[in-house]
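Counting begins at 1 with the first residue of the sequence. Whatever order the structure lists ligands and atoms in, that order sets their numbers, starting from 1.
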Amino acid sequence: MKILLLGSRGQVGQELLLTLPTLGTVTAWSRDELDLAQLDTIETKVIAQQPDVIVNAAAYTAVDKAEQEPELAHTINGEAPGKLAQAAAACGATLIHISTDYVFDGQQNQPYRPDSPTQPLGVYGQSKLAGELAVKAACDRHVILRTAWVYGAKGQGNFVKTMLRLGAERDTLKVVYDQVGTPTWSYDIAQAIAQLIPHLTPETFGTYHFTNSGAVSWYDFAIAIFEEAAALGYPLALKTVLPITTDQYPLPAQRPAYSVMGSEKLDALLNQTPPHWRVSLRKMLPELLSAQSQS
Ligand SMILES: NC(=O)c1ccc[n+]([C@@H]2O[C@H](COP(=O)([O-])OP(=O)(O)OC[C@H]3O[C@@H](n4cnc5c(N)ncnc54)[C@H](OP(=O)(O)O)[C@@H]3O)[C@@H](O)[C@H]2O)c1
């Protein structure tokens with residue numbers, strides 16, 4: 001099987017780079033090999049590879065910056081996936097495209113299903129929803145995998161890395177408690193994608209949710225990060241973590257207050273349930289702390 005991986009330098013992409021080779025020959029592209037903002041180049045370059053499966057882990061992920069760069073976000077997240085889907089259709093490949101919980105407005109009080117109504121609150125979510133629609137329109141052979149609150153040891157910044165840095169520098173932190181979701185380890189996403197690929201058939205194409213299990217506020221997630229890091233001997237200056245509301249910490253992009261997603265559809269296909277978010281956090285931290293101590 002020939003697999004083309006896009007976004008190989010990202011949090012999820014780096015994990016996929018380690019996981020996908022068990023399934024076939026992987027060609028891994030970062031922005032250097034294919035810039036998704038260059039829409040005209042996408043189809044030719046992808047078709048030339050004649051992949052069986054394309055995994056798109058590349059995206060414009062700067063949620064707040066997207067409010068100032070809506071056109072670029074829409075090009076990369078909204079239009080480029082459509083070009084990838086056209087290329088997939090042209091060479092009979094299946095496209096696995098990663099999307100986000102931010103396609104939802106957060107007004108539900110029970111987990112979102114893959115067919116729950118979408119209503120993004122900001123430019124990033126709108127651009128990702130446009131990408132989903134473009135994929136669906138251009139290629140039947142697709143899987144859209146929505147995930148959420150991604151963190152990991154690899155790649156650029158994420159909430160866990162930010163909390164650890166601030167926790168080492170400050171004695172007091174304020175973290176919002178009125179946004180609830182499910183932190184998800186990039187390694188677990190890569191594992192789920194690798195497990196999904198052998199199940200790809202016309203009956204299984206469609207939209208899925210994958211997150212770790214459980215639900216937590218950013219505040220309680222921060223507390224868990226500090227507890228787990230302290231147990232591993234991480235040097236915290238932190239004495240107090242204060243819960244605050246979203247209104248007390250205004251950001252350019254509005255976030256859904258509740259973005260828990262049910263993964264039952266994928267669980268049934270893979271015959272397993274995802275690890276609990278705290279179990280995955282505990283497993284991830286030694287890798288992150290070890291990487292930090294070596295840098
Ligand atoms: N992070 C989250 O909390 C979160 C939550 C829900 C869903 N998701 C989705 O999960 C997927 C993976 O996210 P992630 O957390 O791994 O993101 P990430 O760490 O920000 O990685 C995204 C990758 O996309 C690449 N990229 C950006 N613009 C590009 C362009 N014009 N051309 C080619 N590549 C480009 C980046 O390349 P450079 O390294 O060169 O910048 C980066 O390596 C994305 O679809 C994202 O929307 C993420």
So, is [X] polar-close to ligand 1, with some N/O to N/O distance under 3.5 Å?
X      : answer
Tyr124 : yes
Thr100 : no
Gly7   : no
Thr147 : no
Asp101 : no
Asp35  : yes

**Prompt:** Which one of Val150, Asn158, Leu34, Leu72 has a non-hydrogen atom at the shortest distance from atom 48 (C) of ligand 1?
**Reply:**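 Selected option, by shortest heavy-atom distance: Val150.
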Which residue supplies the protein heavy atom nearest to [atom], what is that atom called, and how far is it?
atom                    : result
atom 21 (O) of ligand 1 : Gly10 CA, 3.2 Å
atom 12 (C) of ligand 1 : Ala57 O, 3.5 Å
atom 32 (N) of ligand 1 : Leu36 N, 2.8 Å
atom 10 (O) of ligand 1 : Ile98 CG2, 3.3 Å
atom 41 (O) of ligand 1 : Arg31 NH2, 2.9 Å
atom 44 (C) of ligand 1 : Ala59 CB, 3.5 Å

**Prompt:** Quick one: does Lys128 get a heavy atom under 4.0 Å from ligand 1?
**Reply:**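 Heavy atoms of Lys128 do come under 4.0 Å of ligand 1.
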**Item:** Ala148 heavy atom under 4.0 Å from ligand 1
**Value:**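 Distance cut 4.0 Å: Ala148 passes for ligand 1.
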Between [atom1] of [X] and [atom2] of [Y], what distance do you get to the nearest 0.5 Å?
X      : Y      : atom1 : atom2 : result
Leu269 : Asn271 : CG    : CG    : 9.5 Å
Arg165 : Arg170 : CZ    : CZ    : 7.5 Å
Phe104 : His209 : CZ    : NE2   : 4.0 Å
Gln179 : Gln254 : CD    : CD    : 9.5 Å

**Prompt:** Only one of Phe226, Phe159, Tyr177 clears ring pair (Phe, Tyr, Trp, His ring centres under 6.0 Å) with Phe221; which?
**Reply:**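 Going through the options one by one, the only one that passes is Phe159.
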**Asked** If we ignore angles and hydrogens, is there a donor and acceptor under 3.5 Å between the side chains of Glu69 and Tyr60?
**Response**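 Side chains of Glu69 and Tyr60: pair found under 3.5 Å.
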